[in-house]
Each structure stands twice: as C-alpha cells, then as structure tokens.
There are 2 protein chains.
Amino acid sequence: MEDVGTSKGGFYHHFKTKDELLYVIHDTFISYALEKAAKANDMHESPTKKLQAIIHDFVKVFDIYKPHISVFYQENIYLNEKYEVLIKKKRDQFKNIIMKALYEGKEQGEFRSDLQVDITGMAILGMVNWTYKWYHQGGFRTIDDISNIFVDLILHAVLESETITSGKYKELLMK
Amino acid sequence: MEDVGTSKGGFYHHFKTKDELLYVIHDTFISYALEKAAKANDMHESPTKKLQAIIHDFVKVFDIYKPHISVFYQENIYLNEKYEVLIKKKRDQFKNIIMKALYEGKEQGEFRSDLQVDITGMAILGMVNWTYKWYHQGGFRTIDDISNIFVDLILHAVLESETITSGKYKELLMK
DNA sequence: CAAAACAGACCAACTAGTCGGTCTAATAGG
DNA sequence: CCTATTAGACCGACTAGTTGGTCTGTTTTG
C-alpha cells in the first residue's frame, strides 16, 4: 500500500475506500481555496482588486497544500464517478468565481471590452494550476514573488489600457 | 493489460517495456512541438512574431496529439529514471526556446523591461499545457480561436505599452 | 523457408479491501 | 474505589483481482 503512516486495518478503519481518502484530500484544499476566493469576492468592490485578491490567494494554496494537490492530480483519473461529481461541483464553483470577476470587470469597463472571458478564465486557471508541477518551497522565487508576477501578467492582459495608464492600480503592477 | 489494440505478445514484440511505449508516445508529440518551435524561431526576426508563432504551434499540438498528451500526463509519474531524463531533456529544450524568445524581446525593447522571464515562461507553459484538461475537438471554441486568444493575452502581458500602441503588431492582437 | 508479427497461456509481484483479533481508555456497577 | 463492560483505534494475515512481463508456439510476409 502507499506510504500511509498506518497499517491497512488502521487505514480502512478511518476511510471506507481509497477513493474516500482522495476525496478528503481534495476537499481539504478546494474548500480552503473556495473560502478564500469567496472572501476576496466580498471584500473588494473593484473587479481589478477582486481578481488580484483571488489570484493571490489561489497561488498561495499551492504553497500550503502542494502535497495534497500533487497526489490529487496523480490519482484523480482513476476516481469513481460518485466522488468525481462531488469534486467537480466545488471546482466549478471556484471556476465561476473567477469567470464572474472577469465578466464584471469587462462590464464595468475596467477590463478590456474585447476580453474573451471563458478562455481567459481557463488561461488563468491553467497558469496557476500548473505551478504544482514546478514550484517548490525554498526555491529562488518565494510564493509571494510568484503571485505578484502572476497578478502583474494577468492584469496587463485583461485591463483596459486606460485603466493601466491611469495609475489607479499601479501598486498591483510591477515597475 | 490496457486497451492496446493487440495482444501481449504483439505488444512486447514492438516494445521492450511499457515505459518504452510511454517514452515513444511522449517523444512523438514533443519532437513535433520542438521542431515547430525551432522553425518558428528561425523564420521570424522580431521576438513578438517569434513568440506568437511559437505559442500558435504549441497550442495546435494539443489539437493534434491530445490522446498522446493525456496518457503521458496520466502515467509519467510512474516512469523509471532512465526514460525520465530523456524526456526531461527534450522538454527543457522546448522550455528554453520560450525563455530565449522572452529574453530577446526584453533585450530588444519590444517587451517590457521589468519582465520576469522565468516566471512568465512558466506562466505561458502552464496556461498552454493545461488546455489538455479542458479542450476537446468540436467544442464551442476551435483550436485557432484558442490560440489567437492566448497570443493576445500573452502579448498584452509582455509587450511594452509603446509597442502595443504603435500598432506594429495590431494583427496579432484582438479588437 | 526464414524472419518478423502476433497470439495467448502462464507467472510473480502488487493492489485494494476484508476480517478476526488486540490494546487502550473511558464509563458503569457494585 | 476498584473491577467489568464496552467502544473505538489500530494491527497484520489473508484474499481476489490486476499488472507488467515471459515464453512457447503459430501465422504472415517478403
């Protein structure tokens, strides 16, 4: 059995199946991420600040829960349907928070009017989710470095050029 | 055995081990991607055009080789070291082409002078690589839609604002 | 007909999961 | 207050099924 810090018997006393463990592992970090994103949503008025806060917290999740996230992405393909739907639900909620923020920013004119919300959202999810493949604690870049750079890149990509030049959000952008 | 379209004997006649199959699968699409990226590198002078061409071809790989890519990412964690180094080598080559293009763009002044090449490169790799998780042929967005939007987002993120407003690359940007 | 391509019986190692049991610690009864 | 009862945590031998891989033999092809 995988290096679970207990015996077979002990393990199956706590979990019905291996899938249940995997579900719990996923739920641990997705619940955290979801809660943070929801808070960021409520705390900020402007879509720009909202998006910044969401990204920031999202990136941080990979610092806190990297082991959880790694085993989840390794094993989730073999997961049975029952748990798959439960997991998909929370992941969709998270995705929707991002999509909504992008949509609001576009509506309110802070973001570019030609922004393709769906693909942009997937691009953001991709660039952040992929960090689990390369980020490791104690490397050259701290997690805050990374999140600042990601925010800068994303905001440059989505902000209306006037919003950038206005200097309104200059503390969120580099340079 | 997995749903290989042949018998055990047939399979092991063509491959020494299962790992070798996985290596060949990976090599198929990474070699294609590498070749395309190298060509894009040679064909274009400006870093902007270069980056655009690289991204475009890179995204296309996911349309052509999605099955290959999916099984590779599912199984590669269990791969033994021998093949792992071979695979890493080609992946690093590909990564370096992207990093070099970013670096050149920065040096030549087309890209922002405050660009963090390493993290930006990883962000690009992430947003494109992640497409294998959600893209499927026949969906609402064609692969060319996606690659155009990705290029637009990335260029807005990396280009010096004067390079954008100059209109020099307006055919690569949306709107 | 020789070599390559293939089939499938077979094997050893491993997997998820079960089951009977022990150990510990809390609670109840006398 | 001490002993009996009991519940939950935990163990590890065992089982049924799967996996990667081998081997012997048969078919196909040049």
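Naming convention: chains lettered A, B, ... in sequence-line order (proteins, then strands); numbering from 1 in each chain. Worth saying up front: this structure is predicted, and the values here are computed from it rather than measured.
In the hydrophobic clustering of this structure, Ile77(B) does not group with Trp134(A); members are Ile, Leu, Val, Met, Phe, Trp, Tyr whose side-chain heavy atoms approach within less than 4.5 Å, directly or through other members.
Positionally, the nearest nucleotide of DNA chain D for Glu75(B) lies more toward the 5' end than for the other of Glu75(B) and Gly9(B).
The listed nucleotides are dC6(C), dG17(C), dG20(D); the one nearest the side chain of Tyr12(B) is dG20(D). Side chain of Ser7(B), nearest nucleotide from dA7(C), dG21(D), dC10(D): dA7(C).
Interface remark: the Lys8(B) side chain does not form any donor-acceptor pair with the dA9(C) base, using a distance-only criterion of under 3.5 Å. Lys18(B) contributes no side-chain N or O that forms a donor-acceptor pair with the base of dG21(D) under 3.5 Å.
Applying the 4.0 Å criterion to OP1 and OP2 of dA7(C), one finds that Thr6(B) has a side-chain N or O inside that range. Of the side-chain N and O atoms in His13(A), none sit less than 4.0 angstrom from OP1 or OP2 of dG8(D).
The line from CG of Leu51(B) to CD1 of Ile98(B) is 7.5 Å long, rounded to the nearest 0.5 Å.
Partner of Lys168(B) under the salt bridge (Lys or Arg N to Asp or Glu O under 4.0 Å) criterion, out of Glu110(B), Glu162(B), Glu160(B): Glu110(B) alone.
Salt-bridge formation is not detected for the pair Lys50(A)/Glu45(A): no Lys NZ or Arg NE/NH1/NH2 atom is positioned less than 4.0 Å from an Asp or Glu carboxylate oxygen.
Below 30°, between 30° and 60°, or above 60°: for His26(B) and Phe72(B) the angle between ring planes is between 30° and 60°, a tilted geometry.
Distance, Leu79(B) CG to dT19(D) C1': 16 Å, rounded to whole Å. Rounded to an integer number of Å, the gap from NE2 of His14(B) to P of dT22(D) is 16 Å. Atom pair Lys16(B):NZ and dC23(D):C1' shows a separation of 18 Å (rounding to whole Å applied). Counting to the nearest Å, the P atom of dG20(D) and the CD atom of Glu20(B) are 15 Å from each other. Atoms OH (Tyr78(B)) and P (dT18(D)) sit 18 Å apart, rounded to a whole Å. As rounded to whole Å, 14 Å separates atom C1' of dG17(C) from atom CG of Asn80(A). For the pair Phe15(A) CZ and dC10(D) P, the computed distance is 11 Å after rounding to whole Å. Rounded to a whole Å, the CG atom of Leu21(A) is 11 Å from the P atom of dG17(C).
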